[in-house]
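Here is how names work: the chains are called A, B, and so on, in the same order as the sequence lines, proteins then strands, and each is numbered from 1. Everything numeric here is computed off the predicted structure, so don't read it as measured data.
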Amino acid sequence: MEDFTSLSDNDLILAAKKGSDGAFTALVYRHDRTVLSLIAHYCKSSDDAKDIYQEVFLRVYKGLKRFEFRSEFSTWLFRITTNVCLSYQAKYKRYKKVSLSPSADDEHPTLDIAALGEHEPDNQLISAEKSAYVRNAVESLAPKQKMAFMLKHLHDYKIKEIAQIMECSEGAIKKYLFLATEKLRLIIKPN
Amino acid sequence: MEHIDKSTLLLLSYDELPQSEKKKVEQHLLSCEQCNAEYEELLKLPQMVKSGLTVDVDEDTLFEVRQELLAEIRNMKRKKFSLQKIMDSFSLSPKWHVAFAYSVAAVALIVTVTHFSFLKNVSNGPGSEVQENSGEVQLSNLRFINSNFENGEVELAFDRITPVSLKGKVDDSQIQKILAKSLLDNENPGIRLKTVSAIAAEKNDKSSGVFKGALINAVKYDNNPGVRKEAMTALCRLPFDDQVNAAVVYVLQNDKNSGLRIMAINCLSDKNEQNQSANPELINVLKKKMQDDSNSYIKLRAKSLLTKLES
């Protein structure tokens, strides 16, 4: 069996296009961890995450023959992931998470993150609390704002690349990022 | 003094402002306390959200979804084109009935011609005996390449499936290819299991190259633990090169079945006692297994192998 780990994405794609299952598997294994972590932000259950994962990579498998190297493979893969996640979110919008605040349905309570942990003995617990709070705050964003925000902050993509992935103009991505930042700043108080 | 708008400050925090504008904004920040405070606040946000955005992928889930994906792809490959769909499409309009009659006649003609011209020409391998079961040809995946129904002409492509029985030794190249393909593609786990057993029974070292890839694939990705187990047994009998070593380490690291992980660590233990140069990846995996594995026997074995390798 050929050692695929040393091959570039493009070489793996060429081999997979010629029918090499090993090359396709190596390509999946190289990227699926990142894809799954992105999917996790859009799913309420691991079963849904598995379904989306399969949908994404089956689309990749079926579409690989038409892939013409006009963009990076990862950009194309994230575009597919984005589309599937956003479709999923649109479909299951009615299951949207309830507000963190028991007293307000639409408004999120403000959390002074900097203050957390200063006087508490269990820093690990505080850290978990912070993470959960931030995750909930990010999940409260509109789907496209959330996707743009995560691609920027979690995967460090440039605005131009996010525009390619989400098939939007760069202006639209700047707007999503700005709105997402403003909303998060309202929810998560930095100081 | 005119302040810098927030969206520009955000782009500056991303380092995505054009160079000329960046200089201008940075210059302004030196003299404007209000904009500078706003900018500082923007810089804090990514650090705060990063921990909340990062999701640790569960290895068991990853293993499971990978197996399901590979199984689904295998199924897709086997999926056959339904002739019924063609018939349904022909029933849309009355004029298509005539066209369909022409098509059926053309297919029958092609089948007859191909049967007599090609089926008899299958060459036998030197050590194998091929026998076709005539009269059982099946067609699948029928495609219309060109169709000019008004002239009564069609050009078709299809897959012809002919039952063939093949008798020979496992070291015969033709049989090896079929076994390797069967191990990767066959839907029936019983057949895959028999295939591995046939491969495992082969003692000729020359065959190992052909089978190695198929066995590695099976031990890592087959969704049936029985097949993975047999593949592991067969793999451990092969010359223990880097690829085999990597596959066995992969099983120890990722397989959910503790029996397979035990087989993997036993295999690694046997082989590494013969070959004293352990690779760093194996050392790392053993260290992790020693602490994290859910099976206490594996923890113990990992610890003792690690001690041996590091001594």
What part of [X] gets within 4.5 angstrom of chain B, counting heavy atoms only: side chain, backbone, both, or neither?
{"X": "Ser37(A)", "answer": "both"}
{"X": "Tyr61(A)", "answer": "side chain"}
{"X": "Leu177(A)", "answer": "both"}
{"X": "Lys175(A)", "answer": "neither"}
{"X": "Phe24(A)", "answer": "side chain"}

Original post:
Is it true that atom NZ of Lys144(A) has more than 12 heavy atoms of other residues, nucleotides or ligands lying nearer than 6.0 Å?
Top reply: no
Original post:
Of all residues at least two apart in sequence or in a different chain, which pass the disulfide (SG to SG under 2.5 Å) check with Cys168(A)?
Top reply: none
**OP:** Working to the nearest 0.5 Å, report the span between CG of Leu215(B) and CG of Asp222(B).
**Re:** 11.0 Å
Original post:
Nearest 0.5 Å, what's the CD1-CG distance between Ile187(A) and Asn136(A)?
Top reply: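 CG of Asn136(A) is found 9.5 Å from CD1 of Ile187(A).
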Heavy-atom contact with chain A under 4.5 Å, split by part of [X]:
{"X": "Leu70(B)", "result": "side chain"}
{"X": "Glu16(B)", "result": "side chain"}
{"X": "Leu42(B)", "result": "side chain"}

**OP:** State whether Lys44(B) and Glu40(B) are salt-bridged, where the test is any N-O pair (Lys NZ or Arg NE/NH1/NH2 against Asp/Glu carboxylate O) under 4.0 Å.
**Re:** no
**OP:** Could you walk me through whether His41(A) and Glu139(A) pass the side-chain hydrogen bond (donor to acceptor under 3.5 Å, both in side chains) test, one step at a time?
**Re:** CA-CA 7 Å; His41(A) 284 280; Glu139(A) 282 188 12; 4.9 Å; no
Run the side-chain donor-acceptor check on residues 66-73 of chain A: report pairs under 3.5 Å with partners two or more places apart or on a different chain.
{"unit_1": "Glu68(A)", "atom_1": "OE1", "unit_2": "Arg70(A)", "atom_2": "NH2", "d": "2.7"}

**OP:** Could you please state which residues from residues 227-235 of chain B sit under 4.5 angstrom from chain A, measuring non-hydrogen atom to non-hydrogen atom, sorted by number, or 'none'?
**Re:**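 Result: none.
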Original post:
Taking the six-membered ring for Trp, are His31(A) and Phe57(A) ring centroids under 6.0 Å apart?
Top reply: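 No, ring centres 6.0 Å or more apart.
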**OP:** Answer with yes or no after comparing the ring centroid distance for Phe149(A) and Tyr176(A) against a 6.0 Å cut-off, counting only values under it.
**Re:** no
Subject >> When Val28(A), Leu58(A), Val138(A), Asp156(A) are compared by non-hydrogen pairs under 4.5 Å with chain B, the top option >> reply: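 Option with the top pair count is Leu58(A).
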Original post:
Listed by chain and number, what are the side chain to side chain donor-acceptor pair (under 3.5 Å) partners of Glu170(A), not counting sequence neighbours?
Top reply: none
